[in-house]
4 protein chains.
Amino acid sequence: MLEELGYKRLSIEAIAARAGVGKQTIYRWWKGKGLLVIEAFAHATSARATELPTADSGSVAEDLRRLLLSVFDRNAHYDRGAAPATKSMMAEAQLDREFLATFRELVQSWHGLFLRVLERGKERGELRPDADSAALVDLLMGATWYRVLLEHAPLDKAYADTIIRTVLEGNRPD
Amino acid sequence: MLEELGYKRLSIEAIAARAGVGKQTIYRWWKGKGLLVIEAFAHATSARATELPTADSGSVAEDLRRLLLSVFDRNAHYDRGAAPATKSMMAEAQLDREFLATFRELVQSWHGLFLRVLERGKERGELRPDADSAALVDLLMGATWYRVLLEHAPLDKAYADTIIRTVLEGNRPD
Amino acid sequence: MLEELGYKRLSIEAIAARAGVGKQTIYRWWKGKGLLVIEAFAHATSARATELPTADSGSVAEDLRRLLLSVFDRNAHYDRGAAPATKSMMAEAQLDREFLATFRELVQSWHGLFLRVLERGKERGELRPDADSAALVDLLMGATWYRVLLEHAPLDKAYADTIIRTVLEGNRPD
Amino acid sequence: MLEELGYKRLSIEAIAARAGVGKQTIYRWWKGKGLLVIEAFAHATSARATELPTADSGSVAEDLRRLLLSVFDRNAHYDRGAAPATKSMMAEAQLDREFLATFRELVQSWHGLFLRVLERGKERGELRPDADSAALVDLLMGATWYRVLLEHAPLDKAYADTIIRTVLEGNRPD
DNA sequence: GTATAACCGAGACGGTACGTCCCGTCTTACA
DNA sequence: TGTAAGACGGGACGTACCGTCTCGGTTATAC
């Protein structure tokens, strides 16, 4: 229904009707449209067994590339698949502080994957040991989200390369 | 009123009442809440004469630093000043495609400033000539927006340093 | 719609839909279902020009008889015409004190007609001068309403005769 | 709870909660709010051993007076005691035909007492033998209910006297 | 200096959705 | 096995705003 109507026109009334369910039942389980969508999103992504690739390939560059391209893949089409949902959630997060807290947890769970890769890189001496990994993750993710949100340029391999190249070269040891 | 109520609870009805104006008059001038806010935002930022620093200091690093810190300054407090407004607009942009187009123009007008600085850097040989400047701007802005939107970490000098350092070191010539 | 559905199943939602009107518009004009019905009732009875007979025939008995039979006529069929509406209003009056006040005014406007007839009777010496006219009206109306409300016996001429006979004979001068 | 909340706001949900009982259990015993209240009313009036006075004093006037004043007593205060309950039941009877049937039986059980008194009066020659006793009971009860329902005048001794006087004088033999 | 038009506040209107209450039925988990 | 607890599908409530639409009562202009 999200893809069909868009988040704004998606009403709890309509969800209930489509589900053949009383509105109260929905309010019993979720506090609002946002939290319902977040859960539906989590369910959909986990159900489709589309886990992000976490295997250790031996090189930060390769690990990061795999991870980032996987994220790019899911969000490359701004108007279908995961992107509309994540965009909607980011919007709701700006409109409802309570929702922001929940959403942040979801988003930060993704950070973990990136953090681990970067930390492995440090251990292997591929990255400066004093680099601020958390900040680097924000760079990686921020660059990605920015294009998804504004839709002013595509999430393509060239962009991924630029991002990864910049982050790694910019934090090479000495 | 935006700071007071938040974008979600800010209704055109309330704006009209507060302004001592008929609703029709508002609809005559703006097509929706989003476009009204975008204009109010533009008015407020220009009125306060808080233009971004564009002077050429002679070094990319310094120019970038000044520019980025100026942006950081305006948005450092996530719950007052410019941040709530920009966050609201980013939200609206996700919910209304027509608004997205308008908002994108506003945002991209800011890109110009960063692009010019990077291009000057290329000319001076401070940056690789084949670096994708547009992508680098997205890196800079994306990293900034990301923390503003998620509010999971502060927009502080350390973060600015990491961003600039990474972008510049990551795109040094040869 | 009242006759069709009955007062209980008559919802403001349905009235609005049938009238092709927003619910708010109804709430703008009437405070509740009861007050709307009371107004519809007043409108219907006045529109149909079914005024009660108030002419002076020269005898209390005859005046009273005409008046009472006219009331009987309108309410003889407990399940159509005026009776369902008046019954509904009497019900609402028991459930909502504010409505009771309004309803009482309507009902007491009818008392006036009976009171005038009785007072004429006193003047002509057909009734004891110290009879409590108001109480006698309550007797006349109470007896009528009682059968309408309980529907345990018909509003027929015999009952009208008994009522009038009792009230007049019971209050003959000396 | 009836006195506390009024019939309208009295919900089965609330009754169950207050009673520490499942809703289902209530529906197992009573078909609706009305029937539950009618039973509670019957229980309350019988428990308080406030039976109506049926003894034969030797005079219709006296018997009637005792009986009527007893009814008046219970309902003199329109907002507490028996009156709110009877008013509620009369309301429900107008809204639900099935309930009306049950309620009518309860009400008519009271008629029996009045009928017996009137019949005794006929036997003793205190009343015209061809008087319609049932109609007279409706006069007595109707006059009483009317004031209880509209609350436009008190149930006082003067009113009782007028009622009884009218009914007896109006149906004296010859 | 007055008639006339443009404007605008106020807010009613048809409408959608909200979040809540309660209905009467169904399910669960404990005693 | 029965029952409290309460979830469920459902209907209606009364409210908030939406974007559109009349209204009068000013101004401001043209005659």
Q | 5' priority, DNA chain E, between Trp29(B) and Ser11(D) [closest heavy atom] | A | Trp29(B)
Q. Just wondering, do Leu2(B) and Pro84(B) contact through their side chains at under 4.5 Å, heavy atoms?
A. no
Q) Just wondering, more than 12 heavy atoms not from Trp110(A) lying within 6.0 Å of its CH2? A) yes
(Q) Which is more 5' along DNA chain F, the nucleotide nearest Ile12(C) or the one nearest Gln24(A)? Just name the residue. (A) Gln24(A)
Q: Report the residue (Arg28(D) or Ala19(A)) whose heavy-atom-nearest nucleotide on DNA chain F is the more 5′ of the two.
A: Arg28(D)
Q: Return yes if the base of dG9(E) and the side-chain atoms of Lys23(B) contain a donor-acceptor N/O pair under 3.5 Å, otherwise no.
A: no
In this structure, how many angstroms lie between the [atom2] atom of [N] and the [atom1] atom of [X], rounded?
X	N	atom1	atom2	value
Ile26(B)	dG11(E)	CD1	P	15 Å
Lys33(D)	dC22(E)	NZ	P	10 Å
Leu36(D)	dC23(E)	CG	C1'	15 Å
Ile15(D)	dG24(E)	CD1	P	11 Å
Leu10(A)	dC18(E)	CG	P	9 Å
Lys8(A)	dA17(E)	NZ	C1'	14 Å
Leu35(A)	dG19(E)	CG	P	12 Å
Arg9(B)	dT15(F)	CZ	C1'	16 Å

Q.
Quick check: closest heavy atoms across Arg104(D) and Glu151(C), and the distance to 0.1 Å?
A. NH1-O, 3.1 Å
Taking the minimum atom-to-atom distance to the side chain of [X], which one of [options] wins?
X	options	answer
Thr25(C)	dC23(E), dG14(E), dA4(F)	dG14(E)
Val21(C)	dA7(F), dC17(F), dG14(E)	dG14(E)
Tyr27(C)	dT20(F), dG10(F), dC13(F)	dC13(F)

**Q.** Arg80(C) with Glu3(C): basic N within carboxylate O range, under 4.0 Å
**A.** no
Q. Between Lys8(C) and Glu92(D), is there a salt bridge with N-O shorter than 4.0 Å?
A. yes
